[in-house]
Amino acid sequence: MGYIYFPQFKRGRKGIKIHPGLTILEHIRKANIEIDAECGGIGKCGKCVVRIEKGQENLNPPTILEKNFPLTEKERLACQARVIKDKEDIIVYIKSFGKYEILKYGLEREIPLSPVFQREGGKVVKDGEEIDDYRGKIYGLAIDVGTTTVVFDLVDLEKGDVLATVAKTNPQISYGNDVISRIEYILVDKENHRYLNEEEKKLRIRQLQKVVIDMINTSLNEISERMGEDISQYIYDVVVVGNPTMRNLFFGIDVSSLGIIPFEPIHKESIIRKPEEIGLKINKKGQIYGVSLIGGHA
Ligand code: FES
């Protein structure tokens with residue numbers, strides 16, 4: 001028996017049992033999740049669009065009514081997508097009012113706590129080596145740099161608790177809505193119809209990197225104010241994920257190759273940087289780790 005999950009919503013993260021024969025819309029209603037279904041589920045309004053992230057094979061093929069709407073490969077109308085098999089789980093994202101909600105939470109699973117930075121007596125150690133005095137807390141950041149949204153968790157690395165979650169619009173959006181327009185920004189001087197030279201490119205890469213780092217630093221200050229103490233001193237470990245353009249811009253790496261055939265990043269391997277190298281205001285003894293990439297635009 002499979003389950004259907006709606007990870008954008010607290011109520012949907014545990015999942016509900018699949019009921020073969022019911023539509024996705026009926027499952028959404030069973031889970032008490034709100035969705036815009038203006039026509040009441042007769043396939044006329046096109047408002048109940050969902051993205052099927054996993055389990056498309058459990059559904060009926062798209063209906064004639066769905067062909068009236070510009071749906072992408074993974075999208076269906078919730079009122080037309082009927083579950084015909086219950087063997088495998090289905091993961092569904094709801095597109096409401098023309099805009100996906102910012103995803104702050106994912107499917108959670110139990111992971112043994114094994115941080116790189118740990119306490120040993122009165123010291124903070126990394127790989128068995130003392131790096132700092134223990135000040136009562138060891139925190140980490142888990143950052144997802146999305147093209148549209150930057151989301152990060154502040155995590156207590158001793159207890160595994162998530163202390164705060166921040167989700168803000170990626171400020172690079174004012175330089176272009178998508179990755180291609182941001183790559184174009186670092187390649188081309190549009191006003192003067194010319195390609196930028198290497199120095200000019202570096203400045204623009206730094207500019208795009210800085211707006212994101214500044215936004216995270218500002219958010220950390222806001223959390224410090226709320227908590228009544230400077231939390232940056234406790235943050236030792238930062239893990240960053242993102243698509244190749246977002247991840248490499250975060251680390252100030254040239255992404256122009258991603259705009260040119262064969263669209264491959266110049267740096268795919270994992271990255272470790274010191275805080276001062278990218279300007280992130282965390283403990284100076286800490287590190288920033290960028291997870292490796294699997295390919296261009298992936
Ligand atoms: S509820 Fe209107 S098309 Fe599905």
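These numbers come from a predicted model, not from an experiment. Ligands are counted one by one from 1 in listed order, and the atoms in each one are counted from 1 as well.
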Handout entry: Number of protein N, O or S atoms [distance to atom 2 (Fe) of ligand 1 under 2.8 Å]
Key = 2
Problem - Heavy-atom side-chain proximity of D86 to K17 below 4.5 angstrom - result: no
Practice task
Side-chain contact test, heavy atoms from C-beta onward, threshold under 4.5 Å: evaluate it for R135 versus Y234 and give yes or no.
Solution key: yes
Handout entry: Steps toward side chain to side chain contact (heavy atoms under 4.5 Å, CB included) verdict (L163, M227)
Key = CA-CA 10 Å; L163 304 172; M227 290 186 163; 3.9 Å; yes
Fill in the blank from the handout: Separation between CG (L249) and OG1 (T147), nearest 0.5 Å, reads 10.0 Å
Fill in the blank from the handout: To the nearest 0.5 Å, atom CG of L77 lies from atom CG of N68 at 9.0 Å
Problem - Row check, F6 ring normal vs R13 NZ/CZ: under 6.0 Å, within 45° - result: no
